[in-house]
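Input: a single structure, listed below in structure tokens.
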Amino acid sequence: MIYFIGAGPGDVDLITVKGRILLCKADVVIYAGSLVWEEHLKVCSRDCLTFNSASMTLEEVMAVYKEHDSENAIIVRLHTGDPTLYGAIREQMKALEELGLPFEVVPGVSSFTAACAAVDREFTLPGVSQTVIITRIEGKTPVPEKEDLELLASHQCSMAIFLSVQEIDRVIEKLKSGYQRDDVPVAVVYKASWPDQRVLAGTLGDIADKVKEAGIDRFAQILVGDFLEGDFERSLLYHPEFSHGYRKGDP
Ligand code: SAH
């Protein structure tokens with residue numbers, strides 16, 4: 001059986017219990033070595049075969065699955081964060097389906113939630129935004145035109161921008177024209193939950209300079225929106241006057 005497992009954002013204790021148990025029992029692990037901390041592999045058995053997918057093609061990864069899959073074998077494909085976001089797992093699942101090889105996806109803590117945790121904030125604030133946009137700027141990999149950053153920013157939702165810090169000037173330019181303001185708060189979180197995590201706070205007006213000064217050009221989340229600074233309303237859920245299925249309010 002092949003398991004696509006989310007390793008979490010960095011900190012090895014942020015993998016799920018299910019993911020850790022499978023990792024301990026794995027016969028083969030293919031890990032995305034550019035972002036997954038090798039520390040995760042310490043729990044693997046001595047006989048476990050490990051492959052770093054950073055230098056492998058899809059075809060080479062598939063060849064490992066084909067060679068090692070058997071009824072009792074546990075093959076782990078360890079992806080960073082949550083495998084369902086920018087994990088390129090769909091193409092693997094399609095190829096496995098064509099070969100008739102069974103697989104399961106074990107979710108993980110994505111770097112966008114880890115980054116929000118690192119700045120002690122909540123994406124969904126009453127009266128501010130109830131929507132989170134997860135996106136990236138187009139680079140070598142295109143993004144559909146209707147999902148251009150400028151257009152998305154015009155919704156004024158909370159945003160988590162992946163894979164884009166190396167293009168910070170272009171990101172900020174698009175966000176400014178989308179938001180039509182320069183004072184929108186931004187936090188750039190480099191290597192969330194790793195020992196060398198760094199957080200930069202600013203606004204659309206000044207964050208690009210801070211990012212360049214800090215030399216951050218990879219491995220970062222760009223969080224944008226008024227959820228980062230300013231007022232919000234108290235939630236009704238815990239309000240004494242509000243009734244719901246589990247609690248009767250006091251009008
Ligand atoms: N599946 C992953 C994302 C893979 S794409 C997830 O759910 O997090 C890789 C991008 O994710 C990086 O370019 C960066 O933008 C972001 N990223 C991954 N780990 C990160 C971390 N620990 N801190 C900040 N950003 C991270």
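The structure displayed is predicted, hence computed values, not measured ones. As the structure lists them, so they are numbered: ligands from 1, and atoms in each ligand from 1.
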* Asked: Quick one: nearest non-hydrogen protein atom to atom 18 (C) of ligand 1, plus distance?
  -> S111 OG, 3.5 Å
* To do: Looking only at distances, please establish whether an N/O atom of ligand 1 is found under 3.5 Å from an N/O atom of D82.
  => yes
* Asked: Short N/O distance, under 3.5 Å, between P9 and ligand 1?
  -> yes
* Asked: Any idea which part of A114 is under 4.0 Å from ligand 1, heavy-atom wise: side chain, backbone, both or neither?
  -> neither
* **Under 3.5 Å donor-acceptor, T131 side chain and C157 backbone** => no
* Without swapping roles, check the side chain of D69 against the backbone of M1 for a donor-acceptor pair under 3.5 Å. => yes
* To do: Provide the number and element of each atom of ligand 1 under 4.0 Å from a heavy atom of L85.
  => 1 (N), 2 (C), 3 (C), 4 (C)
* Check whether any side-chain N or O of S243 sits under 3.5 Å from a backbone N or O of K248 as a donor-acceptor pair, and report yes or no. => no
* To do: Enumerate the residue pairs fulfilling side-chain hydrogen bond (donor to acceptor under 3.5 Å, both in side chains) with a member in residues 161-170, sequence neighbours excluded, ordered by first and then second residue.
  => E138-R170, E167-R170, D169-K212
* **Polar side chain donor-acceptor pair, T203 to R181, under 3.5 angstrom** => no
* Closest protein heavy atom (residue, atom, distance) for atom 14 (C) of ligand 1 -> A220 O, 3.5 Å
* **Side chains of L58 and E91 in contact at under 4.5 Å (non-hydrogen atoms)** => yes
* **Min side-chain heavy-atom separation I5-R20 under 4.5 Å** => no
* To do: With atom 11 (O) of ligand 1 as the reference point, say which of F219, F162, Y190 has the nearest heavy atom.
  => F162
* Asked: Can you check whether W194's main-chain N or O pairs, donor with acceptor, with Q197's side chain at less than 3.5 Å?
  -> no
* Taking both backbone and side-chain atoms of A192, is any N or O found less than 3.5 Å from an N or O belonging to ligand 1? -> yes
* To do: Report yes or no: does a heavy atom of A115 sit under 4.0 Å from some atom of ligand 1?
  => no
* To do: Using a 4.5 Å cut-off on heavy atoms from C-beta on, say whether the side chain of L175 contacts that of M159.
  => yes
* salt bridge (charged side-chain N to carboxylate O under 4.0 Å, His left out) partners for R136, two or more places apart -> none
* Residue part near ligand 1, for Q221, under 4.0 Å between non-hydrogen atoms -> both
* Give the numbers and elements of all ligand 1 atoms closer than 4.0 Å to a heavy atom of L35. => 9 (C)
* Structure fact -> Near Y86 (heavy-atom distance under 4.0 Å), the atoms of ligand 1 are 4 (C), 5 (S)
* Heavy-atom check, side chain of I168 versus side chain of I222, under 4.5 Å -> yes
* Going by the atom numbers of ligand 1, which of them fall below 4.0 Å from some non-hydrogen atom of W194? -> 22 (N)
* Structure fact -> Taking only non-hydrogen atoms of G81 and a 4.0 Å limit, the atoms of ligand 1 in range are 6 (C), 7 (O), 8 (O)
* Can you tell me which residue and heavy atom of the protein come closest to atom 2 (C) of ligand 1, and the distance to 0.1 Å? -> T80 O, 3.3 Å
* Asked: Under 4.0 angstrom from ligand 1, any heavy atom of H79?
  -> no
* ligand 1 versus V189, non-hydrogen atoms closer than 4.0 Å: side chain, backbone, both, neither? -> backbone
